[in-house]
There are 2 protein chains.
Amino acid sequence: MRTTSRETGDSSRKRAGNGAAVRDVADDIGLDALVGHAGYAVRRFQIWIFQDFIKTLGAVDIRPTQYSVLTVIGANPGLSQMAVAKRLGIERARLVHLLDSLEQRKYVKRVKSKADRRSHALHLTAHGETALAKFKRLAAEHERHVEDKIGKENREQLLRILAGFT
Amino acid sequence: MRTTSRETGDSSRKRAGNGAAVRDVADDIGLDALVGHAGYAVRRFQIWIFQDFIKTLGAVDIRPTQYSVLTVIGANPGLSQMAVAKRLGIERARLVHLLDSLEQRKYVKRVKSKADRRSHALHLTAHGETALAKFKRLAAEHERHVEDKIGKENREQLLRILAGFT
DNA sequence: GACAATTGTTGTCGTCAACAACAATCTTTC
DNA sequence: GAAAGATTGTTGTTGACGACAACAATTGTC
């Protein structure tokens, strides 16, 4: 019972009266130029995909950015904070807080670099390694949700099209 | 298989002085699992596309969300705030501030609805109409930037794949 | 007419990008 | 080899944004 008959700006716009019933207000609102904009579609999709990621990894309390940091450090142990920030396209100021959190949770450790005493060499702890393995399994599950949502081929197409941005 | 163990910044600092190879530190860092994640690619792409939008519409000081609000109101005059918020997937609490700004700049006006005295019917002002026309031209220019970046067919593919989210 | 639901509004909280400034530490240059 | 400049990690601020909660006014329902 969602047939909310609402009267606001009605009467004007789009008569949905070609036989089909009006299910929700939002449905018969024209977006016009908006539908042709890649940015709008991408924004809506990104919101959906992040929410699913956050929900799927909710049990372990890991958000997309945290996951990306752990993944990069796991694959490239010893990186400096600057290198990680540049690789992921996040500000080094922001990475500081992310690492504070991850270090507090014993996933990551900052080792003072001998070669360059300004920088820290980033490593996963043993606990962080096993945890990341679990996160990756959950992330794979999330990726299957994406497949279910847009289709297997479409997901691969998407990755191919956007490969240059990774 | 690019798990190259590297030592922090040390010699990886690559003497960039010679001008030879080694474009940037970030280039030879493995992302591992990250490259297979749709969410990561989409996030990076969205950042790029929004920055281009903001830059291209910088002269008129219009951000993506503001543009989407103006577009929907322009295409559906008389809508309530609730209807606009629901259609664009933004909170009505947030829309309040957006409309405050747009109304202050004389693009939009809130008309007290006769039918439902709780709600406001949203309309573009005459000034808002002409301004939106200009914004749309700039937005089209931005969209051409997207084409230049990922290719004409890829952009269309993208819109097709993500059509369900608009 | 009493009670629940909706609309616009105000406020708080947390995430995130973009800057700016700073101390400590390289790197370059003279 | 010392001064000048650049880099690294850090702290702080600003503003856009999503998610919630509470509220008065109004409408719908029973």
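Values reported hereafter were calculated over all heavy atoms of this structure, with side chains retained and with hydrogens, waters and symmetry mates removed. Throughout, protein chains are lettered first and strands after them, A, B, ... in sequence-line order, and every chain is numbered starting at 1. For clarity, every value in this text was computed on a predicted model and none was experimentally measured.
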J.: From CH2 of A:Trp48 over to P of D:dG18, roughly how many Å is that when rounded to an integer?
T.: 18 Å

J.: Hey, is the side chain of B:Ser119 poking within less than 4.0 Å of OP1 or OP2 on D:dT26, counting only N and O atoms?
T.: no

J.: Would you say B:Arg94 places a side-chain N or O within less than 4.0 Å of OP1 or OP2 belonging to D:dC17?
T.: yes

J.: Tell me whether the side-chain N/O atoms of B:Gln51 come closer than 4.0 Å to OP1 or OP2 in C:dA18.
T.: yes

J.: What is the distance from CZ of A:Phe50 to P of D:dG18, rounded to the nearest Å?
T.: 13 Å

J.: With respect to the side chain of B:Val96, which nucleotide from C:dA18, C:dT10, D:dG12 is positioned closest?
T.: C:dT10

J.: Just how far, in rounded Å, is P of D:dT14 from CZ of B:Arg63?
T.: 17 Å

J.: If the cut-off is 4.0 Å, is B:Arg117 near the phosphate of D:dA24, judged by side-chain N/O to OP1 or OP2?
T.: no

J.: Can you tell me how far P of C:dT15 sits from CZ of A:Phe53, to the nearest Å?
T.: 15 Å

J.: Side chain of A:His120, heavy atoms from C-beta onward: which of D:dA16, D:dG9, D:dT27 has the nearest atom to it?
T.: D:dG9

J.: When you check the phosphate oxygens OP1 and OP2 of C:dT6, does a side-chain N or O of B:Arg92 lie under 4.0 Å from one of them?
T.: no

J.: How close do B:Glu103 and B:Val108 get, counting heavy atoms only, and between which atoms?
T.: CG-O, 3.2 Å

J.: On DNA chain D, check which nucleotide each of A:Ile47 and A:Met82 is closest to and give me the residue with the more 5' one.
T.: A:Met82

J.: What is the distance, rounded to the nearest whole Å, between atom CG of B:Leu98 and atom P of C:dT10?
T.: 14 Å

J.: Hey, can you pull the donor-acceptor pairs under 3.5 Å for the side chains in residues 90-101 of chain A, sequence neighbours left out?
T.:
residue  : atom : partner  : partner atom : Å
A:Asp100 : OD1  : A:Arg110 : NH2          : 2.2

J.: What's the CG-P distance between B:Asp100 and C:dT10, to the nearest Å?
T.: 7 Å

J.: OP1 or OP2 of C:dT9 versus the side-chain N and O atoms of B:Gln81: is any pair under 4.0 Å?
T.: yes

J.: Could you say whether A:Arg110 or A:Arg43 is positioned toward the 5' end of DNA chain D, judged by the nucleotide with the nearest heavy atom to each?
T.: A:Arg110

J.: Between atom CD in B:Glu103 and atom P in C:dT9, what is the gap in whole Å?
T.: 8 Å

J.: How many Å lie between CD on A:Gln46 and C1' on D:dG18, as a whole number?
T.: 12 Å

J.: With side-chain contact (heavy atoms from CB on, under 4.5 Å) as the criterion, how do A:Leu158 and A:Phe45 come out once you've worked through the C-alpha distance, each side chain's angles and the decisive distance to 0.1 Å?
T.: CA-CA 12 Å; A:Leu158 203 73; A:Phe45 180 55; 3.5 Å; yes

J.: Check this one for me: any side-chain N or O of A:Arg118 less than 4.0 Å away from OP1 or OP2 of C:dC22?
T.: no

J.: Checking side chain to side chain donor-acceptor pair (under 3.5 Å) between A:Gln157 and each of A:Glu153, A:Arg155, A:Arg160, which is the one that passes?
T.: A:Arg160

J.: Counting only side-chain heavy atoms from C-beta out, which of C:dT25, D:dG18, D:dA16 sits nearest to B:Ile90?
T.: D:dG18

J.: Taking all atoms of both residues into account, what is the closest heavy-atom pair of B:Gly74 and B:Leu124, and its distance?
T.: CA-CD1, 3.5 Å

